Amino acid sequence: MPELPEVETVVRDLKKVIVGQTITAIDIIDNRVIKDLSNTQFKRKLKGKTVQSVTRRAKGIIIAFDSDDYLFVHLKMTGQLIYGAKQNIKETKVVFSLSDGNYLNYNDQRLFGWLIYTTDLDTIGYIKTAGPEPFGRDFNCAFIREAIKTRKVPVKTLLLNQFFVAGIGNIYASEILHRAQISPMKPSFRLSDIECERLYDQTVDVLKESIRYRGTSMRNYRDSKGRRGRFMNRIRVYNREGKDCLSCGDKVKRIVQSGRSTFYCASCQD
DNA sequence: AGGTCGACCTGGCAGC
DNA sequence: TGCTGCCAGGTCGACC
């Protein structure tokens with residue numbers, strides 16, 4: 001499910017309600033989402049811990065405790081962190097009881113997600129190797145111009161590469177390229193300076209706009225209150241094969257790149 | 001070394 | 001109604 005805007009939405013909401021709370025109990029319904037630790041170990045590590053902060057890195061959620069340790073959560077395709085009443089649906093895999101009497105439910109239909117307990121975030125390869133944050137100082141036009149020089153992969157594939165830039169997934173890669181008027185098939189090193197500029201501007205603009213609309217709910221994504229994101233209404237090409245391009249009226253096309261669907265308008269993007 | 005592809009899972013949907 | 005095949009927002013490791 002969630003790409004940067006969806007994860008950011010969850011993080012901002014959770015921050016308001018779980019910081020300062022203590023985990024009083026943990027119910028593990030399916031431990032396949034828990035990495036490296038047994039059920040007993042996982043509970044022992046987290047029970048009694050008080051949440052100090054909730055932050056995001058790439059598409060990952062970092063819950064820090066006042067004891068200098070962390071719970072790293074990656075929602076992958078279908079993970080959800082829902083705060084409120086205890087849930088008991090078939091997707092519910094782990095439930096944390098909190099000191100205010102509410103619960104933090106981890107739901108995950110496909111079980112791809114990760115719950116990782118650690119005392120050192122650098123031991124998590126995903127965090128250690130993630131590329132620059134799109135809103136960070138390190139990600140800018142000059143960085144893009146330099147990074148594309150040696151890359152032959154289609155620019156769509158490059159946008160999905162988390163080593164290049166953190167947080168973009170399959171929906172926003174198509175949306176960013178449509179707004180930047182760049183063909184998803186264009187080899188990265190062939191981007192002109194102007195195109196690099198448009199790519200930078202639209203990456204930042206699309207992600208920020210989606211955060212304002214609380215993300216995109218294609219299928220499974222829900223925020224921490226179980227609500228859908230409203231950026232769905234602003235999607236221009238993703239999952240719109242055969243429909244009219246909202247800019248020019250031509251038909252939106254779908255192709256497969258590196259095994260993943262790409263949607264684009266051949267008239268608007270070259 | 002850079003790039004591609006299957007594996008990890010469950011479930012919804014279209015077509016027969 | 002069932003069955004089959006395809007598709008789904010991500011990441012990694014094995015391969016070429």
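Lettering follows sequence order; numbering is per chain, from 1. Everything numeric here is computed off the predicted structure, so don't read it as measured data.
- Atom-to-atom, CE of M232(A) to C1' of dA8(C) comes out at 13 Å; the value is rounded to the nearest Å.
- Atom OH of Y126(A) is separated from atom C1' of dG10(C) by 8 Å (rounded to the nearest Å).
- Secondary-structure annotation of DNA chain C gives the stems B:2-8 with C:10-16, B:10-16 with C:2-8, with a stem taken as at least 3 successive Watson-Crick or G-U pairs whose two distances both fall under 3.5 Å.
- A donor-acceptor pair shorter than 3.5 Å cannot be found between the side chains of S99(A) and T24(A).
- Ion pairing between a basic and an acidic side chain is recognised when a charged N comes within 4.0 Å of a carboxylate O; E195(A) and K186(A) show such pairing.
- Nearer to the 5' terminus of DNA chain C, by closest-nucleotide assignment, is the contact made by R260(A) (compared with the other of G125(A) and R260(A)).
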#### Entry: Nucleotide-resolved protein contact map, nucleotides 3-10 of chain B, B/S/- at heavy-atom distance under 4.0 Å
SS---BBB
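- Within the 4.0 angstrom heavy-atom criterion, no nucleotide atom of any strand lies near Y172(A).
- At whole-Å resolution of the value, CG in N220(A) and P in dG10(C) are 12 Å apart.
- Of the residues in residues 198-206 of chain A, none lies under 4.0 Å from DNA chain B by heavy-atom distance.
- Note on Q162(A): only backbone sugar-phosphate atoms sit closer than 4.0 angstrom, heavy atoms only; bases stay farther off.
- With rounding to whole Å, F263(A) atom CZ is found 10 Å from dC7(C) atom P.
- Each of F163(A) and M218(A) lies near DNA chain C, and the nucleotide nearest M218(A) is the one positioned closer to the 5' end.
- Atom CG of N170(A) and atom C1' of dA8(C) are 10 Å apart (whole Å).
- In summary, the aromatic rings of H74(A) and Y126(A) are positioned with their centroids under 6.0 Å apart.
- We find that CG of N239(A) is positioned 15 Å from C1' of dA14(B), with the value rounded to whole Å.
- Between F139(A) and Y200(A), the gap from one ring centroid to the other is short of 6.0 Å.
- Here dG2(B) presents its C1' atom at 16 Å from CG of L160(A), a figure rounded to the nearest Å.
- Taking atom P in both dC9(B) and dG13(C), the straight-line distance is 15 Å, to the nearest Å.
- A salt bridge does not link K251(A) to E241(A): none of the charged nitrogens lies less than 4.0 Å from a carboxylate oxygen.
- T92(A) and Q87(A) form no side-chain donor-acceptor contact under 3.5 Å, judged by distance and modelled atom types alone.
- A search for salt bridge (Lys or Arg N to Asp or Glu O under 4.0 Å) contacts involving E197(A) returns nothing, not counting sequence neighbours.
- In this structure, CD1 of I127(A) is placed 15 Å from C1' of dG10(C), rounded to the nearest angstrom.
- Looking at K86(A) and D27(A), a side-chain N of the basic residue comes within less than 4.0 Å of a carboxylate O on the acidic one, giving a salt bridge.
- Using a cut-off of 4.0 Å between Lys/Arg side-chain N and Asp/Glu carboxylate O, K49(A) and D66(A) are scored as not salt-bridged.
- Taking 4.0 Å as the cut-off between side-chain N and carboxylate O, D223(A) and K225(A) do not count as a salt-bridged pair.
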Donor-acceptor pairs under 3.5 angstrom involving side-chain atoms of residues 202-209 of chain A: please list them, not counting sequence neighbours.
unit_1: T203(A); atom_1: OG1; unit_2: L199(A); atom_2: O; d: 2.7
unit_1: E209(A); atom_1: OE1; unit_2: R179(A); atom_2: NH1; d: 2.9
unit_1: E209(A); atom_1: OE2; unit_2: R234(A); atom_2: NE; d: 2.5

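- Residues meeting the salt bridge (Lys or Arg N to Asp or Glu O under 4.0 Å) test with K253(A), sequence neighbours left out: none.
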